[in-house]
Enquirer: 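Here it is: the structure, laid out below.
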Amino acid sequence: MKDILGIVNFENESARIEGLSNFRSIPAMSFLGRYRVVDFVLSNMVNSGIDHIKVLIKDKPRSLIEHIGIGSHYNINSKSGSLQILYSDKNITNKLYFTDVNLLSQYSSYIREANQEYVVIAPSYMICKINYQDVVEQHIKTGADVTAVYKQVTDGDKHFIGCEEFDLINNRVVLMKVSHGSTSVKNISLETYVMHKDFLLDLIDEAAQRSAAYSIGAFLANDDNIKYINIQGYKYEGYLACLNSLEEYYYTNLELINHVKAKELFSRDWPVYTKTNDSPPAHYTPRAEVKNCMVANGCVVQGKIENCILGRGVKIKKGARVKNAVLLPNTIIGEDAIVENAVIDKDAKILVNKEIVGNDDQIAYVRRGDTI
Amino acid sequence: MKTEMLAMILAGGRGTRLMELTEKAAKPAVHFGGKYRIIDFPLSNCANSKIRYVGVLTQYESIVLNSYVSQSSFWGLDGRDRGTFVLNPREKVTGFSLYMGTADAIYQNLDFMDQYNPEYVLILSGDHIYKMDYDHMLDFHKENNADLTIAGLTVTFEEATRFGIMNTNKDYSIYEFEEKPPVPKNNLASMGIYIFNYDVLKKALTEDAAREDSAHDFGKNIIPNLLNEGKRLFAYPFDGYWKDVGTIDSLWQAHMDLLAQGDPLKLDDENWKIYTEDIPTTPQFIGENACLKGSSINQGCVVDGTVINSVLFRDVVIEKGAEIINSVIMPESVVKRGAKLKNCIVGEKQLILENEVIGSDDKIELFTSREVK
């Protein structure tokens, strides 16, 4: 097993989860009830035997720092391992220059000093289950400069809009462009790259010199660069979702309620770690009606729920009916209230008899802490 | 930092009446409440009461319990001036001896307690389910200028014959302590929770250790002796939920109590959480054929059958068409299609076969005979 340095990158700049993004960064968002988005990439790294991880933070650091802490809940060795947060307020007001390249070049000494030979860079909003050791193994075998992970999807006309897609010739990436959803079958980039540590350091230096607006992805995609950098594709075949809009966030949550689907992402030998909240098991009262739901601990269900994700500590009161909804932690749905096709943000309260009903084209969203 | 009160938890007993559940782990390690182990209750009470040092005295089948209790971070008892300490019987200059009784167990660890030189020592049992603020009890102890304060629960006169009973004056001072009286004069039962002034405890234990006719037991020896000496003993009345889950019936009943309306233990009280080990699991999936009524279900469960008035621990699988009624199913057990369980406790990692029927209306059934492979 190779000793690898993990870098959790931020999402590309077009990603935005309408509503939720006002309150926290995407990695810090609640996902599938009991997790935060960042738990998946960190667990992938830890399960791949990566014990040295740097997390790049773009903005709104509070929520994310509070959640990941020193990383002991991710099973990172408390002495020989490390979880380092890289955050800077330089360029924070100028979004154009707030790139992974700029952040990494500010902290390049930390990369240089790392003992690991190879680096895995992966964003947290690509939800997948991947063993990075396999990617590094292929990387060494092919002698590539960069190995970029992709998945050939068949629903590219509906999902992954705004993600990067690859054209490959003999497994070499020859074109990287933004996907606009025109065709269904395409190679979607996981924005996950493996390279030698020295290659990364050179790349950062060069990218930073050439343009202050370069990100790693944009630098690699540049027409000239892609000609001389040997970027090999690594074909990933497991579950993939990209949480880059409210629609995708909502769709992905609901899609994974299906236990068969969820098995592509969850298995006993590949645990997804998260921070415990010490809440008691979910409680269903004698009048509860529950069908097709994923429910976190601390919930109390007295009403009817169908096709829902319930975050920690959610309360569904008597007579309430909730369908096709994602309820973030500690929301309260009052007696006889009706919620359908909606995302209800953390700590929000839907009062007695209220109706929050969205539809497939327009998901209803209730803001964090609001009372309606 | 000075240590005002140190806690010592007696966790050495087997709990024979829990049958196979305590074959490989002592009673305090038995699972409870869908998520916890019994000893999480006194340990969380200590943590919430701001007690910083907790010794846990173990003896019977202690591998599971010792490794569990030594993880002080589970309860937030880790840190510079805090800790949980496993106290197994150990070889000493004077030889090796098992703990010969509750008082002897504490006596054998006087050296441990001396390190912290506490003013007060709280002695607890590791096998009771309840929530209590020991700091309030300490206030009561100080207000009464007591030498020993014993927490007391009001029971029926019928139940009183099974407890140590405290006969008290109006101010709750104890004038007589009767161990399992055939004809009780009072119904205030000792909960086995004691606050001692450390100097009084140390002297009493040392004297008791020298007596060959003593059973070295708090209820039988130490407490009556202190009363004879004219020490100030007080009963601290407790009116919350308390349960000794020492039998299969009472363990089952305590789970049914949890499911009753307005959970008497208030497990969801944010200000008095019960802490426990955090084991990574998958989320909880409720399928389209599920029917859940009056039940408590933990993380990692996959339920596609009917679960009524039951408690499911972590990672339990209930397949389509299975029916679970008034039952308790411990971690990682699997109930296959069409199986029917009623009034059962199913142990950890058990397999219930397709269409298997277990349990009846007449008694509580314990199932531990088929492990999941």
Side-chain angles (χ1 to χ4, degrees), chain A residues 31-35 39 43 46-47 72-75 78 256-263 265-268 270-302 305-313 315 330, chain B residues 33-36 40 44 47 73-76 78 258-263 265-270 272-304 307-317 320 332:
Chain A
F31 182 58
L32 296 180
R34 58 186 296 249
Y35 304 101
D39 293 338
S43 299
V46 170
N47 291 332
S72 50
H73 45 282
Y74 294 110
N75 208 12
S78 63
L256 288 163
I257 289 174
N258 182 312
H259 186 235
V260 177
K261 192 83 198 159
K263 275 186 171 167
L265 187 60
F266 293 104
S267 68
R268 287 264 176 93
W270 201 263
V272 180
Y273 301 102
T274 189
K275 188 173 150 189
T276 179
N277 194 38
D278 299 294
S279 38
H283 186 73
Y284 303 89
T285 66
R287 282 198 193 160
E289 286 181 63
V290 192
K291 208 179 222 190
N292 268 335
C293 289
M294 199 187 274
V295 180
N297 274 358
C299 291
V300 178
V301 180
Q302 298 177 286
I305 53 175
E306 189 179 343
N307 238 11
C308 292
I309 300 273
L310 270 61
R312 284 178 160 139
K315 310 279 185 276
N330 301 319
Chain B
K35 171 162 183 174
Y36 313 95
D40 286 329
S44 300
S73 63
F74 292 170
W75 309 276
D78 56 330
L258 276 184
L259 296 173
Q261 279 234 305
D263 161 23
L265 260 174
K266 297 193 174 39
L267 286 175
D268 61 354
D269 182 355
E270 289 281 319
W272 203 275
K273 286 183 176 176
I274 300 301
Y275 304 111
T276 187
E277 181 180 15
D278 175 42
I279 298 172
T281 69
T282 55
Q284 177 188 119
F285 291 95
I286 310 299
E288 65 178 327
N289 304 299
C291 172
L292 307 181
K293 306 275 179 198
S295 294
S296 195
I297 300 180
N298 198 9
Q299 282 164 188
C301 290
V302 180
V303 182
D304 205 22
V307 180
I308 298 171
N309 204 39
S310 297
V311 177
L312 308 186
F313 285 71
R314 167 182 66 80
D315 294 320
V316 165
V317 176
K320 185 177 166 182
E332 295 178 46

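Convention: sequence-line order gives letters A, B, ...; per-chain numbering from 1. Heavy atoms only: backbone and side chains are in, while hydrogens, waters and symmetry mates are out.
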Enquirer: Top residue by heavy-atom pair count (under 4.5 Å) with chain A, among B:T281, B:D268, B:L258?
Expert: B:T281

Enquirer: Examine whether an atom of B:L312 lies under 4.5 Å from a heavy atom of chain A, and if so say whether it belongs to the side chain, the backbone or both; otherwise answer neither.
Expert: neither

Enquirer: According to side-chain hydrogen bond (donor to acceptor under 3.5 Å, both in side chains), does anything in residues 282-294 of chain A pair up with another residue at least two apart or in another chain? List the pairs.
Expert: A:Y284-B:Q284

Enquirer: If the condition is ring pair (Phe, Tyr, Trp, His ring centres under 6.0 Å), which residues does A:Y74 pass it with, not counting sequence neighbours?
Expert: none

Enquirer: Report yes or no: does B:K35 contribute a side-chain atom to a donor-acceptor pair with the main-chain N or O of A:S279 at less than 3.5 Å?
Expert: yes

Enquirer: So for B:D315, is it side chain, backbone, both, or neither that comes closer than 4.5 Å to the heavy atoms of chain A?
Expert: both

Enquirer: Under 4.5 Å from any heavy atom of chain A, what part of B:T282 do you find: side chain, backbone, both or neither?
Expert: both

Enquirer: Given the options B:L292, B:D304, B:N309, B:V311, which has more heavy-atom pairs under 4.5 Å with chain A than any of the others?
Expert: B:L292

Enquirer: For each of B:A290, B:P283, B:G34, tally heavy-atom pairs with chain A at distances under 4.5 Å, and name the one with the top tally.
Expert: B:P283

Enquirer: Among B:C291, B:C301, B:S295, which one satisfies side-chain contact (heavy atoms from CB on, under 4.5 Å) with B:V307?
Expert: B:S295

Enquirer: Given heavy-atom pairs under 4.5 angstrom as the criterion, report whether the side chain, backbone, both or neither of B:Y36 touches chain A.
Expert: side chain

Enquirer: Given that the side chain runs from C-beta out, which part of A:A288 has a heavy atom under 4.5 Å from chain B: side chain, backbone, both or neither?
Expert: both

